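Notes for the one structure printed next.
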Amino acid sequence: MAATTTTTTTPLGFVLPTGLSPRRGGFRFSLVRCSASPLTSSTASVEKPWSSYNARLVLEDGSIWPAKSFGAPGTRVAELVFNTSLTGYQEILTDPSYAGQFVLMTNPQIGNTGVNLDDEESEQCFLAGLVIRSLSISTSNWRCTKTLADYLTERNLMGIYDLDTRAITRRLREEGSLNGVLSTEQTKTDDELLQMSRSWDIVGIDLISDVSCKSPYEWVDKTDPEWDFNTNTRDGKSYRVIAYDFGIKHNILRRLSSYGCQITVVPSTFPASEALKMNPDGILFSNGPGDPSAVPYAVETVKELLGKAPVYGICMGHQLLGQALGGKTYKMKFGHHGGNHPVRNNRTGQVEISAQNHNYAVDPASLPGGVEVTHVNLNDGSCAGLSFPAMNVMSLQYHPEASPGPHDSDNAFREFIELMKRSKQSS
Ligand SMILES: NC(=O)CC[C@H](N)C(=O)O
């Protein structure tokens with residue numbers, strides 16, 4: 001049963017419950033229904049080119065968000081995060097780092113450019129569902145081959161719209177990440193869904209094993225040369241790189257390949273001894289989903305490889321490197337997910353606008369001497385990059401490969417090439 005509550009209407013017409021005060025580990029209300037008024041009466045009367053039915057998002061703080069579904073039916077539990085990118089929803093849907101999470105897009109209208117085959121970041125969508133304010137009634141882009149609604153339905157992925165994403169985002173910013181259940185099943189009670197959200201946790205779970213490849217493969221790059229950029233900064237040499245797949249985004253492989261790397265992608269459990277037998281010029285530890293302290297086997301592999309070849313960690317890879325060097329990771333309040341995060345490169349003083357997607361971070365105070373914090377997130381001062389020159393280690397907490405997002409940090413791939421080059425010359 002939904003509890004009754006008083007409401008206030010915001011200037012934009014959203015109806016918000018007042019007096020709702022969620023607290024982690026002790027929520028004041030059991031269930032409160034929160035509604036969003038229709039965007040405009042003109043779009044409300046237009047026939048939607050997708051089939052839609054009622055859905056609910058129930059959060060662990062007891063708030064219930066009635067919505068409409070435009071994707072697959074069902075019931076899923078996950079952690080809810082918000083992403084501030086204006087577009088790039090297809091890259092977000094196919095980024096394996098979102099496994100175990102619902103992604104709420106803060107941009108109020110999504111779907112305008114449809115989807116296409118070139119913008120995939122992996123073979124599958126691993127996230128648990130997409131939450132948006134409004135689905136574009138029309139799709140208009142020369143690269144579009146399908147609508148977002150058809151894409152989600154074909155991939156059996158849940159998507160909901162017509163809920164107050166602004167109010168939910170404010171709640172996540174104030175209270176921190178919340179678990180939730182998304183359901184189209186009318187037979188399930190609000191209470192059942194609430195209990196489901198409260199008895200689930202993403203912390204301490206190894207999500208990497210579900211998204212990593214099962215056996216090694218050679219990356220064959222299919223990027224159309226017309227789409228490539230920064231081609232004048234390459235040295236024309238070829239470097240052999242082993243990429244540990246903790247949930248790797250294809251654009252990391254595309255960018256490495258663009259800088260002249262021949263890449264063998266290996267599963268997360270690939271033994272360090274086997275990797276070394278392949279005599280790599282460098283090793284990449286990729287991005288990946290979930291809690292970095294829940295995968296000690298991966299930290300062990302990283303430790304075994306340290307000092308044996310130049311290494312480069314991106315996001316999850318950076319967090320695993322942080323642990324392998326003796327540091328600790330912690331869960332942030334609501335993480336960083338978006339394409340406009342300012343990062344300062346401490347060595348050059350330059351600021352890059354970066355693409356980010358993480359809920360955990362390395363605690364710089366836990367790192368031993370000799371490990372340098374090379375980059376800082378200027379929004380909150382958190383550690384955004386590390387270097388340990390004695391062992392040819394470099395790592396970034398964010399995404400130099402963009403996809404989606406700005407390309408300011410692409411130079412980091414060239415720095416990895418330089419690291420491999422120097423190490424080759426000195427050996
Ligand atoms: N993109 C990533 O690699 C994310 C890393 C990790 N899962 C986090 O949330 O912090």
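Start at 1 with the first residue, then count along the sequence. Note that ligands are numbered from 1 as they come in the structure, with each ligand's atoms numbered from 1 the same way. Predicted, not measured: the structure shown is a model, and the values here were computed from it. Computed over heavy atoms, backbone and side chain alike; hydrogens, waters and symmetry mates excluded.
Between Glu175 and Lys333 there is no salt bridge, since none of the side-chain N atoms of the basic residue sits less than 4.0 Å from a carboxylate O of the acidic one.
Protein residues having at least one heavy atom under 4.0 Å from any atom of ligand 1 are Ser97, Asn287, Gly288, Pro289, Gly290, Cys315, Met316, Gln319, Asn357, His358, Asn359, Tyr360, His399, listed by chain and number.
Using cut-offs of 30° and 60° on the angle between ring planes, the pair Tyr161 and Trp50 is perpendicular. Between His336 and His341, the ring-plane angle classifies as tilted under the 30° and 60° cut-offs. A parallel orientation is assigned to the rings of Tyr244 and Phe246, their planes being inclined by less than 30° (bins at 30° and 60°).
Of the N and O atoms on the side chains of Thr189 and Asp191, not one donor lies less than 3.5 Å from an acceptor on the other residue.
A distance below 6.0 Å separates the ring centres of Phe334 and Phe82.
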